[in-house]
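Worksheet: the structure to be examined is printed underneath.
When a ligand or atom number is given, it counts from 1 through the structure's own listing order. Sequence positions, counted from 1, serve as the residue numbers for this chain.
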Amino acid sequence: MTKPLSLDEIRKEITELDSSVLKLLSRRRELSLDVARSKIEVTKAVRDQAREEALLVTLIKKGRDLGLDAHYVTQIYHTIIEDSVLTQQALLQQLANPENRQPVYRVAFLGDKGSYSYLAMRKYFSRICEDLVERGCSSFTQIIQEVESGNADYAMLPIENTSSGGITQVYDVLQHTTCSIVGEMTLPVEHCLLTAAPTTENQINTIYAHFQPAQQCSEYLDTLTGVKIEPCDSSSSAFLKVSELKDPHVAAIGSADGGELYGLTPIKTGLANQKENFSRFIVIARKPVEVAEQIPAKTTLIMSVDQKPGSLVEALLVMREHGLNMCKLESRPIQGNPWEEMFYIDVEGNLRSSNVQSALEALTRITRYLKVLGCYPSEEVSPTQVPLEKLPLPTGDNTEGSSKTKTSSAPLVSRESQENTQIRLRNVTIGGGQFVTFAGPGVIESQAQLMACAQQVKEHGAAVLRGALYPPQLNLDNNLPNQGQTLQLLREAGLRYELPFVTEVHQPDQVAEVARQADLLQIGARNMQNLELLQEVGRTHRPVILKRGLMASLDELLQAAETIMAQGNRQVILCERGIRTFEGAARQTLDLGAIPALKSMTHLPVIVDPTHAISDINQLAPLTYASRAAGADGIIVDIHPQPDTALSDGKTLSFEQFSNLMSGLSA
Ligand SMILES: O=C(O)C(=O)C[C@]1(C(=O)O)C=C[C@@H](O)C=C1
């Protein structure tokens, strides 16, 4: 028998392997630069998602043969491809703007080392130059002045955040600057509570924070009592203050990476109101840049229009007439002209292109003021997803040619009112023709059980993680995670496996908190006619799965959907889950006929949950295929590492059975 390797020997081999991986990554980067050069001659776009998809399919297959799971391989290659795209874009931009090339740039930003602007600046310029001279500033006006006066080559300015919205002071300085926007980047912002001395959260009585992070964490801060919030002019000055005080009662809000530069340690993470908290930054320079044709470009305009009815609409219609997608519209008061607004508009398009040029000509004729703030490469590299079926069946469109039923007492849900509703959850579209699988434990029992299920969900190409929050039919004394813990577990699993997640709401007072964290809400069959719950869910912006009541007619289901939609939330997914009949073989009878019937009555997506309508788990796959054949947009299934011990009251698939089901769906 060979002697097992010692820890030192294993580590030596790991280090050698990692060095080889780095060499290969460096060679891959060189090759992507060659690809970029080859694309100049043929003016081919940098991004080729068909090629990415084919590559991912090959790599996932190869990975599986080597014992690597699909999620792991996909995650790594999303990062590698993103790097490849951004590296190619940086090269093409340099070639398109040779006069801007310098080994060292001077960059102005808010705060000092460790601020979010500092982290964004380091990340953005790492691809563009060899070194940076950092010019930390104490205000946005000072930052712009640094560039306008020639003290800095560039400025990095935060422009918007997914929790707190547009950064109005930055919009205001842009109204008067002579500089141009030449770039953008998005940074994930993970706010933490950081301290300099060993302590616990409940000992903290003072928190130092910049206004923006404090606003983005307002819901967390509102839960604290007797804690003083000390405003600072940047996150880095908050770090500095806390590092100087070294007091166990004092903390700062900021990023873990930034805090580390000041010797601070995070004692709590994930403080932001939104679970996915991102900030977008813009890069400013004295002169505009050209954007290479191979790169997706954005153009930012500011304009003011006449103070008469319809002026803004007329201006916006110009974008539509020229086929320009507008990805941002903000307004700010015009300084010095009370009640007059300046509109900031981002459109997807290159300033040099004929449609942007002719749109600008048309706008010049109908606006009072119009200025291009800049045209710059779009840095959004959305990850390519490999679809479950390489050739998806057009399941969502089975209603074509069917008579459009008028549901007169439910005008919002009626098929007459519009074409099929499609609901987007990150990269998943429900109701768009693809059959979507929702899978996960019926009842969340522990972190290990949920993580194991989430791993399977991802590995087998299901699109949404499901997990029940409160099992009302179970005794809650038995150490199950409570509502807060369950949401936290789902959030962790969703983040780790990049899966949107759905969970059930039972009472109106749960809705706001669940809607803050989950991607999708679910109303159970027994609550289908709970008016207050329907109305509360209708007031949120989260899509909702509405299950048909055990004894509800299709009209009653549609009335319930109408109640939700009447409150403003138009993102309703209907779910057939079996109804009570005289047949006692299973708890309920799946009404397959409801699928095409609903499809002819409403434009809303329809999914199926067969969990309670089978007497044996082997009946689940045939009903799933039948649901797809009948035109359903998706299926909900329960999975569990040990189905025999599952606390869920429905029939549950083992991982192996789930794997077989997913293979059947992709065949
Ligand atoms: O093959 C290409 O065309 C590339 O640009 C390379 C690459 C990659 O890194 O694999 C990068 C971007 C494209 O979207 C597709 C693939």
Side-chain angles (χ1 to χ4, degrees), residues 17-66 68-98 123-128 183-188 278 280 289-298 325 327 348-350 352-353 375-392 424 426-429 432 434 458 461 498:
L17 277 180
D18 286 342
S19 310
S20 311
V21 170
L22 286 181
K23 276 192 202 130
L24 293 173
L25 287 174
S26 157
R27 176 69 189 136
R28 196 185 193 286
R29 229 193 218 178
E30 278 171 22
L31 288 173
S32 40
L33 291 174
D34 290 344
V35 171
R37 288 187 196 98
S38 80
K39 285 178 178 172
I40 298 176
E41 281 141 41
V42 282
T43 326
K44 200 169 178 307
V46 166
R47 201 84 201 271
D48 179 347
Q49 286 188 286
R51 160 69 185 156
E52 288 179 25
E53 189 185 298
L55 183 64
L56 286 171
V57 169
T58 311
L59 293 170
I60 289 169
K61 188 165 177 320
K62 284 215 158 91
R64 283 220 164 107
D65 294 345
L66 294 166
L68 301 173
D69 61 59
H71 174 58
Y72 180 61
V73 172
T74 314
Q75 237 185 353
I76 291 176
Y77 276 89
H78 279 161
T79 307
I80 292 176
I81 292 172
E82 184 190 49
D83 176 74
S84 164
V85 170
L86 295 178
T87 306
Q88 292 188 48
Q89 291 194 174
L91 173 73
L92 292 170
Q93 273 310 89
Q94 274 177 11
L95 295 175
N97 300 278
K123 191 168 170 202
Y124 182 85
F125 285 95
S126 66
R127 244 178 263 282
I128 294 177
E184 68 163 1
M185 79 161 301
T186 301
L187 192 75
F278 293 94
R280 193 166 71 88
V289 288
E290 294 279 325
V291 180
E293 274 175 89
Q294 297 84 351
I295 301 178
K298 264 191 197 171
N325 185 33
C327 44
E348 287 172 359
N350 195 316
R352 280 192 299 170
S353 68
C375 173
Y376 47 95
S378 166
E379 299 266 322
E380 273 161 42
V381 185
S382 58
T384 297
Q385 302 297 325
V386 178
L388 177 60
E389 305 99 339
K390 281 307 308 338
L391 288 171
R424 271 190 77 81
R426 305 196 208 168
N427 299 311
V428 182
T429 304
Q434 260 184 314
K458 188 72 186 187
E498 295 173 330

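Of all atoms in ligand 1, numbered sequentially from 1 with element shown, those under 4.0 Å from a heavy atom of Val46 are 5 (O), 12 (C), 13 (C), 14 (O). Close approach of ligand 1 to Val85 (heavy-atom distance below 4.0 Å) involves ligand atoms 12 (C). The ligand atoms of ligand 1 that sit less than 4.0 angstrom from a heavy atom of Val35 are 2 (C), 3 (O), 4 (C), 5 (O). Residue Asp48 has at least one heavy-atom neighbour below 4.0 Å for each of these atoms of ligand 1: 13 (C), 14 (O), 15 (C). Listed by atom number, the atoms of ligand 1 under 4.0 Å from Arg47 heavy atoms are 14 (O). Atoms of ligand 1 lying under 4.0 Å from at least one heavy atom of Leu55, given by number and element, are 10 (O).
We find that Lys123 and Glu379 are not joined by a salt bridge, their nearest charged nitrogen and carboxylate oxygen being 4.0 Å or further apart. A salt bridge does not link Asp65 to Lys62: none of the charged nitrogens lies less than 4.0 Å from a carboxylate oxygen.
Counting only heavy atoms of the protein, atom 15 (C) of ligand 1 lies nearest to Glu52 CG, 3.6 Å. Of the protein's non-hydrogen atoms, Ser84 OG, 3.9 Å is the one closest to atom 7 (C) of ligand 1. Taking atom 10 (O) of ligand 1 as the reference point, the nearest protein heavy-atom neighbour is Arg28 NH2, 2.9 Å. Counting only heavy atoms of the protein, atom 6 (C) of ligand 1 lies nearest to Gln88 NE2, 3.8 Å.
Here's the thing with Lys39: one of its N/O atoms is less than 3.5 angstrom from an N/O atom of ligand 1.
Looking only at side-chain heavy atoms (C-beta outward), Cys327 and Lys298 come within less than 4.5 Å of each other.
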| request: Test Thr384 against Ile81 for side chain to side chain contact (heavy atoms under 4.5 Å, CB included), laying out the working first. | output: CA-CA 9 Å; Thr384 297; Ile81 292 172; over 6 Å; no

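Here the closest non-hydrogen pair linking Glu52 and Val85 is OE2-CG2, 4.3 Å. Contact detail for Arg424 and Arg426: the closest heavy-atom pair is NH2-O, 3.1 Å.
Not a single heavy atom of Lys44 sits closer than 4.0 Å to an atom of ligand 1.
Of all the heavy atoms of Ile80, none lies under 4.0 Å from any atom of ligand 1, so neither backbone nor side chain is involved.
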Return a table of donor-acceptor pairs under 3.5 angstrom between the side chains of residues 86-96 and protein atoms on other chains or two or more places apart.
{"unit_1": "Thr87", "atom_1": "OG1", "unit_2": "Asp83", "atom_2": "O", "d": "2.5"}
{"unit_1": "Gln88", "atom_1": "NE2", "unit_2": "Ser84", "atom_2": "OG", "d": "3.3"}
{"unit_1": "Gln89", "atom_1": "NE2", "unit_2": "Ser378", "atom_2": "O", "d": "3.4"}
{"unit_1": "Gln93", "atom_1": "OE1", "unit_2": "Ala292", "atom_2": "N", "d": "3.0"}
{"unit_1": "Gln93", "atom_1": "NE2", "unit_2": "Glu290", "atom_2": "O", "d": "3.0"}
{"unit_1": "Gln94", "atom_1": "NE2", "unit_2": "Ile128", "atom_2": "O", "d": "3.4"}

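A donor-acceptor pair under 3.5 Å links the side-chain atoms of Asn350 to the main chain of Val291, judged by distance alone.
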